[in-house]
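Okay, so here's the structure we're looking at.
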Amino acid sequence: STQSTWGEAHSTNRHTWSAVAWVDGQTYVAPTCELDVYDRVGGGDGFASGFAYGLLSGATPEQALKLGWAHGALLTTFPGDTTMATLEQVKAFAEGGSARIQR
């Protein structure tokens, strides 16, 4: 499989975020969202770890892509390159919730 994130920076802290994966000859595209970015560092790694978590936990490729997309997006709302998002927050965002974390 191959996967990637993509985004467009509208300003220093306002970005469009999405992701795409190719698994077993099929292309999957995540939703597109607007993010208020705190720190861009780690978003791609967050995507990769969320995607891998999804695949390893038995999710479908589409579900795994959304988990990776959500985790990478949420990671950009924290300082640094380590996540502070819970699995519940990642799953909620992947299912259509907000990237705004209740802190």
Side-chain angles (χ1 to χ4, degrees):
S1 73
T2 303
Q3 70 280 340
S4 180
T5 59
W6 66 265
E8 179 180 345
H10 303 290
S11 69
T12 304
N13 295 341
R14 187 72 175 165
H15 296 199
T16 301
W17 177 265
S18 191
V20 63
W22 185 70
V23 180
D24 294 329
Q26 184 154 349
T27 302
Y28 300 90
V29 180
T32 300
C33 67
E34 297 293 319
L35 293 176
D36 292 317
V37 174
Y38 183 87
D39 188 343
R40 295 181 321 154
V41 175
D45 291 341
F47 166 75
S49 64
F51 183 70
Y53 168 82
L55 292 177
L56 293 171
S57 66
T60 67
E62 182 178 24
Q63 292 167 330
L65 175 66
K66 287 183 179 178
L67 288 169
W69 166 82
H71 187 239
L74 291 172
L75 202 143
T76 68
T77 68
F78 302 120
D81 61 352
T82 56
T83 189
M84 291 184 240
T86 67
L87 181 56
E88 292 75 24
Q89 290 168 329
V90 173
K91 286 181 176 181
F93 186 45
E95 294 170 5
S98 170
R100 292 193 183 273
I101 297 296
Q102 300 300 316
R103 294 191 172 101

Quiz item: How long is the gap from CG on Leu35 to CZ on Arg14, to the nearest 0.5 Å?
Solution: 7.5 Å
Practice problem: Identify the two heavy atoms, one from Leu67 and one from Gly54, that lie closest to each other, and give their separation to 0.1 Å. | Solution: CD1-CA, 3.8 Å
Quiz prompt | For Thr60, all residues meeting side chain to side chain donor-acceptor pair (under 3.5 Å), sequence neighbours excluded | solution = Gln63
Self-check item: Separation of Leu74 CG from Thr86 OG1 (nearest 0.5 Å)
Solution: 9.0 Å
Self-check item: side chain to side chain contact (heavy atoms under 4.5 Å, CB included) assessment of Phe47 paired with Leu65
Solution: CA-CA 8 Å; Phe47 166 75; Leu65 175 66; 3.7 Å; yes
For residues 78-85, please give each side-chain donor-acceptor pair under 3.5 Å, one per line with the distance, not counting sequence neighbours.
from	atom 1	to	atom 2	distance (Å)
Thr83	OG1	His71	NE2	3.1
Thr83	OG1	Ala85	N	3.0

Exercise. Work out which heavy atom in Leu55 is nearest to a heavy atom in Pro61; give both atom names and the distance.
Key: CD2-CA, 4.3 Å
Practice problem: Measure the OH-OG1 distance between Tyr38 and Thr77 for me, rounded to the nearest 0.5 Å. | Solution: 10.5 Å
Quiz prompt | Minimum heavy-atom distance between Trp69 and Ala19, given as atom pair plus value | solution = CD1-N, 3.9 Å
Self-check item: Donor-acceptor pair, side chain of Ser18 and main chain of Pro31, under 3.5 angstrom
Solution: yes
Quiz item: Are any non-hydrogen side-chain atoms of Val20 and Val29 less than 4.5 angstrom apart?
Solution: yes
Quiz prompt | Between CZ on residue Arg40 and CG on residue Leu75, distance to nearest 0.5 Å | solution = 13.5 Å
Quiz item: Nearest heavy-atom pair of Ala94 and Ala70: which atoms, and what distance?
Solution: N-CB, 3.7 Å
Quiz prompt | Test item: Val90 and Tyr53 side chains (from C-beta on) under 4.5 Å apart, heavy atoms | solution = no
Quiz item: Taking all atoms of both residues into account, what is the closest heavy-atom pair of Ala64 and Ala59, and its distance?
Solution: N-CB, 4.0 Å
Quiz prompt | Heavy-atom pair of closest approach, residues Phe93 and Ala73 | solution = CE2-CB, 3.6 Å
